[in-house]
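Worksheet for the structure shown next.
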Amino acid sequence: MSALPGRVWFVGAGPGDPELITVKGRGLIERAGAILFAGSLVNEAATRWAPPGCVVADSKDMTHEQMVAWLTDQAARCGTVVRLQTGDPALYGTLIELVQPLDAAGIPIAVVPGVSSAMASAAAAVESFTLPEVTQTVIFTRVEGRTPMPPGESLAELAAHRCTLCIFLSITLLHRIEAGLRDAGWPDDAPMLVVHKASWPGEERIVRGTLATIKQQCREAGIVSQAMVIASPALGARGWAELTKSKLYDAAFTHRFRRGTPPP
Ligand code: SAH
């Protein structure tokens with residue numbers, strides 16, 4: 001047993017493709033003495049770089065108390081303990097719940113960000129969440145399931161902004177998404193995108209539809225889990241004939257790195 005406790009690193013494993021973990025995250029796995037991964041969501045391949053002798057455990061059948069006990073115990077044994085979380089640890093994970101008891105036990109922790117499934121979904125579908133003069137705002141949210149939404153955060157209230165909405169954890173609640181968007185006045189033909197298992201090699205599926213059609217399309221495609229629902233006025237812009245281009249690259253626009261040339 002080492003005298004000082006090891007550090008517990010909360011590492012974003014990325015959205016599924018093992019190559020989408022950061023270089024730093026991979027380096028930590030390579031020198032980890034113990035890894036606790038969220039088996040239901042993190043591709044096991046993310047543990048493929050674990051060194052021989054590394055203790056690897058799946059947290060899917062553990063309670064919160066068991067996870068804390070496991071991390072505390074491993075931190076007493078090895079210098080580097082990795083808690084692998086899906087996507088980025090700052091979104092819809094158990095980061096703070098796990099950090100608090102480790103803080104109380106005097107175990108040092110650190111967080112390594114990861115590629116969120118929201119970003120992987122945009123990449124899969126070749127979409128931009130922001131477009132000049134269309135929307136400059138992205139909201140990461142979910143609809144109410146067993147976890148209640150705080151006041152002011154109903155989908156109808158958020159959708160009133162007409163910005164990009166990345167809706168996590170809600171693929172089985174498409175009827176609520178539809179109701180929220182309709183309450184906010186989104187039309188039947190508002191474009192919608194669902195990406196299932198974004199970035200998972202060979203398993204990714206993309207469904208494009210509208211507010212009126214997306215629920216039925218997802219039902220027909222059998223998509224009931226691990227999916228990102230995106231509603232945005234910027235969807236499909238790759239095919240638009242008229243696009244307001246970014247000012248940064250406009251020939252007439254002067255900025256720190258380039259003097260603009262006035263139009264003739
Ligand atoms: N921290 C994670 C989110 C965890 S919550 C992140 O940053 O991505 C789990 C939800 O994330 C799922 O219900 C689903 O909405 C979404 N999700 C996770 N992985 C996904 C993937 N590969 N493709 C699409 N959605 C995914």
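The basis for the numbers below is simple: all heavy atoms, side chains too, and nothing from hydrogens, waters or symmetry mates. The residues of the chain are indexed from 1 along the displayed sequence. Whatever order the structure lists ligands and atoms in, that order sets their numbers, starting from 1.
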Residues joined to Met149 in its hydrophobic cluster, side chain to side chain under 4.5 Å directly or through other members, sorted by chain and number, are none

So, regarding [X] and ligand 1 (criterion: nitrogen or oxygen to nitrogen or oxygen, under 3.5 Å), is there a contact or not?
X: Pro89; value: no
X: Ala198; value: yes
X: Leu169; value: yes
X: Ile167; value: no
X: His196; value: no
X: Phe168; value: no
X: Ser117; value: yes
X: Asp88; value: yes

Side-chain touch [X]/[Y], heavy atoms, less than 4.5 angstrom:
X: Leu211; Y: Glu178; value: yes
X: Val81; Y: Arg7; value: no
X: Thr147; Y: Arg142; value: yes

Give the atom numbers and elements of ligand 1 that come within less than 4.0 Å of a heavy atom of [X].
X: Tyr92; answer: 4 (C), 5 (S)
X: Thr86; answer: 1 (N), 2 (C), 4 (C), 6 (C)
X: Ser116; answer: 6 (C), 7 (O), 8 (O)
X: Trp200; answer: 22 (N)
X: Val195; answer: 24 (C)

So, the side chain of His196 versus the backbone of Ser225: is there a donor-acceptor pair under 3.5 Å, distance only?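 Looks like yes, one N/O pair under 3.5 Å.
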
According to the interplanar angle, ranging from 0 to 90°, do the rings of Phe168 and Tyr92 count as parallel (below 30°), tilted (30 to 60°) or perpendicular (above 60°)?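 Answer is tilted, since the angle falls between 30° and 60°.
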
Heavy-atom distances under 4.0 Å are what count here, so tell me which part of Ile171 touches ligand 1: side chain, backbone, both or neither. neither

Hey, is Ala90 touching ligand 1 through its side chain, its backbone, both or neither, going by heavy atoms under 4.0 Å? neither

Would you give the length of the straight line joining atom NZ of Lys215 to atom NE2 of His175, rounded to the nearest 0.5 angstrom? 8.0 Å

Decide whether the shortest distance between a heavy atom of Ser199 and an atom of ligand 1 is less than 4.0 Å. no

For Glu19, I'd like to know if atom CD has over 12 heavy atoms of other residues, nucleotides or ligands within 6.0 Å.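 No, because the 6.0 Å sphere around CD of Glu19 holds 12 heavy atoms or fewer from other groups.
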
Output, in order, the C-alpha distance, side-chain angles, deciding distance and verdict of salt bridge (charged side-chain N to carboxylate O under 4.0 Å, His left out) for Glu127 and Arg208. CA-CA 12 Å; Glu127 294 289 354; Arg208 289 181 185 275; 2.6 Å; yes

Residues Ser59 and Arg83: side-chain donor-acceptor under 3.5 angstrom: yes

